[in-house]
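Because the structure is a prediction, the values reported are computed rather than measured. Just the heavy atoms: all of them, side chains too, but no hydrogens, waters or symmetry mates, feed the values below.
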Amino acid sequence: MDEISYNLIMQSVKKMAEQTSLLFCAEPALSEKESLTPEKILKEVFGYKNFRPLQKEIIKNILDGRDTLAVLPTGGGKSLCYQIPALILEGITIVISPLISLMQDQVEQLKENGIDADFLNSSLDYTSYILTSNKIKSGKTKILFLSPEGFRSKRTQELLHSQNVKVSLIAIDEAHCISEWGHDFRPDYLEIATIRKQFPKSACLALTASATAQVRKDIIKNLGMESPAILISSFNRPNIFLTVEQKTFPYEQVLSFIQKHCCFTQEKT
């Protein structure tokens with residue numbers, strides 16, 4: 001077959017695929033893949049100009065395939081540490097989250113940014129569960145949120161071993177739940193290390209806002225992390241402080257505090 005005939009056939013196939021709503025996509029050029037940098041995604045997808053402390057280092061470790069434990073304060077941008085790599089790495093990113101409400105909120109936010117994210121949990125009816133499962137099997141889902149109980153289920157593991165599914169990253173949110181010394185111990189988190197062995201090429205990212213030295217040791221041990229990078233952000237917030245004053249005139253003291261620290265506006269009528 002000469003080159004002209006081949007090109008004509010391929011054009012016909014593409015046209016037929018479009019007309020019948022079949023998926024036809026070419027492998028992106030190498031230059032296009034290389035253009036996907038964390039900085040570009042941060043700005044163009046999420047609308048931020050700069051990374052917060054340690055975000056860039058955490059993301060680099062994940063892209064290098066290194067297991068990472070990150071301790072960042074609430075509001076420190078933990079979610080971006082797996083969301084950005086998920087858009088660069090091939091395949092799917094699994095996020096283990098303890099609360100259904102958190103999964104739903106994050107999936108909604110990601111979809112608003114044009115990212116193919118889904119969750120599988122007990123809030124889905126049968127039809128929605130099947131539709132989501134089929135989407136995952138097709139390889140379209142980039143980020144999948146699961147509970148630790150859902151992650152260890154046989155049905156989910158079979159799904160993640162589907163032909164078009166490649167698990168590139170397993171992120172554990174609220175990772176302190178894996179430690180018996182954590183404030184919210186969840187025994188089902190202990191099964192993650194065993195399941196991880198089914199995906200030996202996947203990096204592991206453990207995220208938490210609260211982890212003592214003992215809890216950090218438990219997280220690393222119980223997740224089976226190998227020579228992980230450990231990144232701990234500063235929790236010092238100059239704008240937050242505690243002060244104690246002797247109670248003398250409570251009403252007047254409270255009113256004085258409000259007038260000093262709070263701003264009020266009054267609409268003119």
Side-chain angles (χ1 to χ4, degrees), residues 23-97 102-103 105-119 135-136 138-146 160 164-175 196 199-209 219 223 225-234:
L23 178 65
F24 187 94
C25 57
E27 179 71 12
L30 182 61
S31 59
E32 292 177 355
K33 291 182 178 179
E34 291 175 344
S35 66
L36 288 175
T37 64
E39 292 80 5
K40 185 174 183 179
I41 294 174
L42 179 73
K43 182 178 180 180
E44 296 184 2
V45 178
F46 296 100
Y48 298 111
K49 293 182 179 180
N50 301 303
F51 284 106
R52 292 183 179 179
L54 296 185
Q55 282 182 326
K56 191 172 183 177
E57 293 86 343
I58 295 167
I59 291 169
K60 183 180 184 304
N61 284 329
I62 296 305
L63 294 178
D64 290 341
R66 185 178 182 185
D67 288 352
T68 302
L69 168 59
V71 183
L72 301 177
T74 300
K78 293 188 291 294
S79 298
L80 285 179
C81 294
Y82 60 77
Q83 292 171 352
I84 290 178
L87 300 182
I88 298 176
L89 296 169
E90 294 183 9
I92 191 171
T93 289
I94 306 299
V95 182
I96 311 298
S97 180
L102 291 177
M103 299 184 202
D105 289 344
Q106 290 199 319
V107 167
E108 288 178 4
Q109 292 172 8
L110 288 168
K111 286 185 174 180
E112 287 178 0
N113 287 323
I115 299 170
D116 282 319
D118 292 289
F119 60 79
K135 182 182 175 185
I136 295 167
S138 72
K140 294 179 181 179
T141 299
K142 289 299 296 177
I143 303 177
L144 174 63
F145 290 81
L146 296 166
L160 296 179
N164 294 324
V165 178
K166 176 184 177 182
V167 178
S168 299
L169 171 62
I170 299 175
I172 298 90
D173 200 8
E174 308 296 341
R196 269 198 68 199
F199 311 100
K201 296 183 179 181
S202 303
C204 181
L205 171 61
L207 295 160
T208 180
I219 291 172
L223 286 177
M225 293 178 132
E226 299 181 2
S227 303
I230 302 174
L231 299 169
I232 304 173
S233 181
S234 172

Please list every donor-acceptor pair under 3.5 Å in which a side-chain atom of residues 40-48 meets a protein atom from a residue at least two apart or in another chain.
none

Within the side chain of [X], is there an N or O that forms a donor-acceptor pair under 3.5 Å with the backbone of [Y]?
X: K142; Y: L89; value: yes
X: R66; Y: K60; value: no
X: Q55; Y: G77; value: yes

Can you name the nearest heavy-atom pair linking [X] to [Y], along with the distance?
X: S233; Y: P53; result: OG-CB, 4.3 Å
X: A229; Y: N61; result: CB-ND2, 3.4 Å
X: L205; Y: A70; result: CD1-CB, 4.5 Å
X: P38; Y: I84; result: CA-CG2, 3.8 Å
X: A86; Y: T93; result: CB-OG1, 3.3 Å
X: I136; Y: T141; result: CG1-OG1, 3.6 Å

Set of side chain to side chain contact (heavy atoms under 4.5 Å, CB included) partners for A206, sequence neighbours left out: L69, A175, I219, L223, M225

Separation between [atom1] of [X] and [atom2] of [Y], rounded to the nearest 0.5 Å:
X: I59; Y: Y82; atom1: CD1; atom2: OH; answer: 12.0 Å
X: E39; Y: N50; atom1: CD; atom2: CG; answer: 10.0 Å
X: L146; Y: F119; atom1: CG; atom2: CZ; answer: 11.0 Å
X: I143; Y: I115; atom1: CD1; atom2: CD1; answer: 5.5 Å
X: L80; Y: K56; atom1: CG; atom2: NZ; answer: 14.0 Å
X: L72; Y: C81; atom1: CG; atom2: SG; answer: 5.5 Å

For E174, side chain to side chain donor-acceptor pair (under 3.5 Å) partners two or more places apart: none

T68 vs I62 side-chain heavy atoms within contact, under 4.5 Å: yes

Residues that F199 engages under ring pair (Phe, Tyr, Trp, His ring centres under 6.0 Å), provided they are two or more places apart: H161

Pairs satisfying salt bridge (charged side-chain N to carboxylate O under 4.0 Å, His left out), at least one member in residues 67-85, at least two apart: D67-R196

If you look only at distance, which donor and acceptor atoms sit under 3.5 Å apart when one is on a side chain in residues 166-173 and the other is two or more places apart or in another chain?
residue, atom, partner, partner atom, Å
S168, OG, E90, O, 2.1

